[in-house]
Structures are given as structure tokens and as C-alpha cells.
Undergrad: 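Following this message is one structure expressed as C-alpha cells.
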There are 2 protein chains.
Amino acid sequence: MPPIKVKMLDKDEAKPAAETGAKKPAKAGRPRTRIQREKQDVILEAALDVFSREGFRGATIDQIAEAAGMSKPNLLYYFPRKEEIYKRLMTEMLDVWLAPLRDIDSDGDPVPEIRSYIRRKLEMSRDFPRQSRLFANEMLQGAPRIIDVLSTDLKGLVDEKAKVLESWMERGKIRRTDPYHLIFSIWATTQHYADFDVQVRAVLGKGRGGEGRFEDAARFLETLFLYGLLPKQP
Amino acid sequence: MPPIKVKMLDKDEAKPAAETGAKKPAKAGRPRTRIQREKQDVILEAALDVFSREGFRGATIDQIAEAAGMSKPNLLYYFPRKEEIYKRLMTEMLDVWLAPLRDIDSDGDPVPEIRSYIRRKLEMSRDFPRQSRLFANEMLQGAPRIIDVLSTDLKGLVDEKAKVLESWMERGKIRRTDPYHLIFSIWATTQHYADFDVQVRAVLGKGRGGEGRFEDAARFLETLFLYGLLPKQP
DNA sequence: CAGAAATTTGACCAGTTGGAAAAATTCTTA
DNA sequence: TAAGAATTTTTCCAACTGGTCAAATTTCTG
């Protein structure tokens, strides 16, 4: 199971490293100095906030710059264009986001393996909701910038894990059902708590909408999938 | 069970009907002529396309106007501002979107009742994916324009249906579990097929990503929830 | 068909947006 | 510490944006 590095197309990647002595040294390359690393992080952090809320078109460089506490031209010194920031966020997010799925162990015990996958995905929704929303936003737009990653890397990974699930089904460890839609349903239910957080909180109200909601969700999902996947009783 | 009319705040609603003989007769009011009805529909249709993809900020009046096959000023003749179009889409969508939940019948047979709810929600994802995405987009932005509807009307409706589910649980008709998270999980899994359609198709690939995917999803979800909710065996 | 009402168009505008250029400032390091 | 590199600020711009306005055109209605 090779750890499939998710990597988006990046035109600049092929360029001959650019002239390093020109007027804008930081622009084309990866961070060279301490300040560059730090500021780029600040920018990415701010950009995550804005992009995850407004989507690519809806977000403005000004908003990001303000959130990052710097002027627009200054921001553009580190990322020469809006698109660059977005792409960076996308690749980083994809990588982290898929880790739990990658970590499903075909040699593990099926039920605990699935249970812990659900739990990890839910924890990600709790701890990194903006990344989830960023991804969701890109999906809603039809994934114009990552469609090829989805249909190659992601598809490959899911195909692989679907086979694992199928083998578990064949061995009678879990109920025989569609492994792809099983994975979709785990994605959907867990990411829902990040993407639709406002709704969840509004509906649960003051009483149950607090931090405890993730615990409740975990308990519920565990029950749902546990019994939903229980192999047929003899 | 009163049919709770979802209605967003609309400042114009209170105004004294505006002077009808002025230069801009169509603007403030509801459609009066045939042309107005027709064009408004064309605009709303086009706007749904754009807003559901780009979100409120990301969408431009020009895009909508072009999609509607008319000039921007012409469009603005029917909807004096961008926000009006969006609000109209929102209220209409909310109303339709919640119908299946409203229709859950407390006197019905629990299992078929839930099964048909899931099926209807899934059908809506298949037949009205853009409405689903419009809603999702608003959620991602923190639901700034409908948060009050969510915490009043929607919460009320869900509270009511949660009670129904609880009564079914008490009577041993379905497994005892959290009714709110049960509803969330149905929303999440069914809407996933509209909101994340690109991803679903990319992962399923040419082979299984065709129209059949909704049938497969329906079958899977039925199994998952059916067995997941099966009451404890004696 | 004439006049009025409704609709459409073209010109325009002020504010925003992504981004470029260059000057000004602040580090580094020989 | 002075020169060179890195960073930041100021100024600017062309395209885009939401929206206005009056004139032109089309569609009713008596």
C-alpha cells in the first residue's frame, strides 16, 4: 500500500527554477528564508478562513490580506496570485484529509478498523472544519481544480479500499453491501458535522449544540454503522 | 401538524405596496403580467445555476443575466437587486426541501415511513441537485441569511419529528438511538449525492458512475438504515 | 389604431478587484 | 558597517462589479 502522494498539477513546477537574482526573488520559488516560511503560513491560515467561507471566486485578496494582517501587495509578494494560495491549500488539505482512509489496515480486525475510521473522520471534522469546508466548496463548484486528482489518485485509493471491504464481506466479517457507497456514507455523515455545523447547532439548540455534540454524533454513528454492518445472523 | 410555512424576513414585505404608476412598476411588487411571471422564472432558473455553483458573493449579476439570455439592466428591472433573487431562491428552496420531513407521518408504520423518507430525500438529490447545492453553499458561509429560519422553523420541525422518532423507539419499533443525529445522518447521506456529485462520479468511474448510481445508493442506504435501526432482537 | 403601460437597451458611474512597478525600508552578512 | 538582498509600502491601473437613468422599443387595452 504505497502512500499515494496527492499532488495537483502545477505549471510552475516545470519551470527552470526562475532567475534568483531578479527584483522579486521570493515569488516563484518555495520558501527560502525564515520570514518567508512564517509569513506564508500566516497567509495560508488566513486564506483558509476566507476561501472556506466564500469559495474561490467569492474570496478576495484584500480579505485574505487583512485577515493575515498585511497589505495586499505585501501578500502578493509571497504568493504572486490568488490561485497559487488556493492551490497550495488544496494539495495540503487533500493530503491530510485522505490520511484516515489510507490508514485502514486490510490486516486489521474489520469492525474496529471501520469504527476507528469513522472516529478519525469525525475528529477531523471537529478539529479541522475549515479544511472540510474548503473541500466542500470546491466540490460544489464542480471541483474544477481537482477533478483530475479525484478521478486518478482518489479513485485509485478508494478502489483499493473497496477491495479490502469486499474481502471482509466475503469472509463474513461484515454484511455484504456496496463498499463504495459505504465509504460515501461515512464521508457524508462525518463531514456533515463540519460543513453543516451552523445547521447542526441551530437544530440542536443551546441545550445540546455545545461541544458535546461530537460525542453524541460519534456514539450515534457507531451504532448506526455497527448494526448496519453486522453480518447476517446465522 | 401545521405545515409551518418557511418564510424569510423580507423588509419589502412591510412596505405600503409602493406607488404603482411610477417609472419602475415591476420592481417592488410580485409579478403582475404574463411576461413578468415568465421572465422571473427564467431569471430564477439561471440564478439557481450560478448561485448554486459560486455562492452569493461569487456569483455576478452579469453571469446570471447571460445565463438568462438578457441584459443586466433588463434583469435588474425584474429583480432590483442581487440579494432579492437570492432570497427568493432560498425561501422557495427551503419550502420544497423540507417537505419530505414534514410528511413523515407519526401514525404510519415506522420502518416504511423512514424508508420512504430516505427515498424521497435521495430523489430530491437526484432531481434537484442545484437546490441542494444552493443550500449547502449557504451553510458553508455560516448561513448568514437563513440562520434565524434554521433556529426557529427548522428547529421546530425537527424537534417535532424527533419526538415522533422517540415515540417509535419507546414502542420498540426501531432501535433506541439519538433521533436528532439520525435525522442528520439521513440528510447527510442523501444530500451527499447532490452536493458531492462530481466526487461520487469521479470515484465510481465510467463503469458505475452513470444514472444507476442513485439506484445503488438507494439500495445501500436502505440496508444501512434498515439494519442500523432494527430493534434489538429478543 | 392611438395612447398608455410595460419592457428593453445603451450609456454611464462609483466602488471593488486582481495585480504591476517602483520607491522606501529593513534585514543579513561579508 | 556598508553593500546587497529581502521585505514592505505607496501609487497606480485596467477590468469587473452592482446598480442607475433616460431614451427607445414593444406590448397591451380601450
Side-chain angles (χ1 to χ4, degrees), chain A residues 11-12 17-43 46-47 50-51 53-88 145, chain B residues 11-12 17-43 46-47 50-51 53-88 145:
Chain A
K11 296 169 201 163
D12 304 330
E19 342 75 49
T20 28
K23 278 185 178 178
K24 293 155 184 180
K27 286 209 171 182
R30 293 293 165 240
R32 274 178 248 289
T33 75
R34 171 186 54 89
I35 292 186
Q36 275 177 41
R37 245 189 319 277
E38 286 173 8
K39 296 274 167 129
Q40 285 198 4
D41 283 351
V42 172
I43 292 169
V50 181
F51 279 132
R53 223 179 327 114
E54 313 277 9
F56 182 76
R57 279 223 67 208
T60 74
I61 301 184
D62 281 295
Q63 282 178 89
I64 300 172
E66 193 189 334
M70 65 181 73
S71 68
K72 178 170 61 172
N74 195 183
L75 181 150
L76 286 168
Y77 171 73
Y78 293 102
F79 290 91
R81 44 204 66 250
K82 192 180 167 185
E83 182 110 22
E84 300 297 310
I85 315 176
Y86 191 80
K87 285 204 290 197
R88 267 284 286 280
R145 294 158 231 272
Chain B
K11 296 171 202 162
D12 303 331
E19 341 74 48
T20 28
K23 278 184 177 178
K24 294 151 184 180
K27 286 209 171 183
R30 293 293 164 237
R32 274 178 249 290
T33 75
R34 170 186 55 89
I35 293 186
Q36 275 178 40
R37 246 189 318 278
E38 286 174 9
K39 296 275 165 129
Q40 285 197 5
D41 284 351
V42 172
I43 292 170
V50 182
F51 279 132
R53 224 180 324 113
E54 313 277 10
F56 182 76
R57 278 222 68 209
T60 75
I61 300 184
D62 281 295
Q63 282 178 89
I64 300 171
E66 194 190 333
M70 64 182 73
S71 67
K72 178 168 60 172
N74 196 185
L75 182 151
L76 286 167
Y77 171 73
Y78 293 102
F79 291 90
R81 42 204 68 249
K82 192 181 169 185
E83 182 110 21
E84 299 296 311
I85 315 176
Y86 191 79
K87 285 204 293 196
R88 267 284 284 280
R145 294 157 231 272

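Only heavy atoms go into these numbers, but all of them, side chains included; no hydrogens, no water, no symmetry mates. Note on naming: letters A, B, ... go to the chains in the order of the sequence lines (proteins, then strands), and numbering restarts at 1 for each one. Keep in mind that this is a model prediction, so the values were computed, not measured.
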Undergrad: Within this structure, what is the CD-to-P distance between B:Q40 and C:dA6, rounded to whole angstrom?
TA: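 That distance rounds to 14 Å.
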
Undergrad: Whole angstroms only, please: what is the CG-P distance between B:L75 and C:dT7?
TA: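 Atom CG in B:L75 sits about 14 Å away from atom P in C:dT7.
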
Undergrad: Under 4.0 Å from OP1 or OP2 of C:dT7: is there any side-chain N or O of B:Y77 that close?
TA: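 So the side-chain polar atoms of B:Y77 do come within 4.0 Å of the phosphate oxygens OP1 or OP2 of C:dT7, strictly under.
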
Undergrad: Would you say D:dT7 has OP1 or OP2 under 4.0 Å from some side-chain N or O of A:Q36?
TA: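 Answer is yes, contact under 4.0 Å.
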
Undergrad: With a cut-off of less than 4.0 Å, is there a side-chain N or O of B:N74 near OP1 or OP2 of C:dT7?
TA: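 Looking at the OP1 and OP2 atoms of C:dT7, neither is under 4.0 Å from any side-chain N or O of B:N74.
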
Undergrad: To the nearest Å, how far apart are B:Y86 OH and D:dG18 P?
TA: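 Rounded to whole Å, this separation is 14 Å.
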
Undergrad: Would you tell me if any nitrogen or oxygen in the side chain of B:Y78 comes within less than 4.0 Å of OP1 or OP2 on C:dT8?
TA: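 B:Y78 to C:dT8 OP1/OP2: side-chain N or O found under 4.0 Å.
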
Undergrad: Can you tell me the distance, in whole Å, between the CZ atom of B:F79 and the P atom of D:dT20?
TA: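 That distance rounds to 15 Å.
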
Undergrad: Using a cut-off of 4.0 Å between protein heavy atoms and nucleotide atoms, how would you tag nucleotides 14-19 of chain C 5' to 3' with B, S and -?
TA: ---SBB

Undergrad: For D:dT8 and A:S71 - does any side-chain N or O of the residue sit under 4.0 Å from the phosphate oxygens OP1/OP2?
TA: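 No.
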
Undergrad: Just to confirm, is there a sub-4.0 Å distance from OP1 or OP2 of D:dT8 to any side-chain nitrogen or oxygen of A:K39?
TA: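 Yes, A:K39 has a side-chain N/O under 4.0 Å of OP1/OP2 on D:dT8.
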
Undergrad: Which heavy atom of B:I64 sits nearest to which heavy atom of B:A46, and what is that distance?
TA: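 What the structure gives for the nearest pair is O-CB, 3.7 Å.
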
Undergrad: For residues A:T60 and B:R57, determine if any side-chain heavy atom of one lies less than 4.5 Å from a side-chain heavy atom of the other.
TA: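 They are in side-chain contact.
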
Undergrad: Taking side-chain contact (heavy atoms from CB on, under 4.5 Å) as the definition, give me every residue that meets it alongside A:N74, ordered by chain and number, with sequence neighbours left out.
TA: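 Expected list: A:M70, A:S71, A:Y77, A:Y78.
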
Undergrad: Mind listing the closest non-hydrogen atom pair of A:E84 and A:F79 along with its distance?
TA: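 Closest heavy-atom pair between A:E84 and A:F79: CB-CD2, 4.1 Å.
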
Undergrad: Give a yes or no answer on whether the side chain of B:K82 reaches the backbone of B:A59 with a donor-acceptor pair at less than 3.5 Å.
TA: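 Checking the backbone N and O of B:A59 against the side chain of B:K82, a donor-acceptor pair under 3.5 Å is found.
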
Undergrad: So which heavy atom on A:Q63 is nearest to which on A:G58, and how close?
TA: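 So the two residues come closest at NE2-O, 3.5 Å.
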
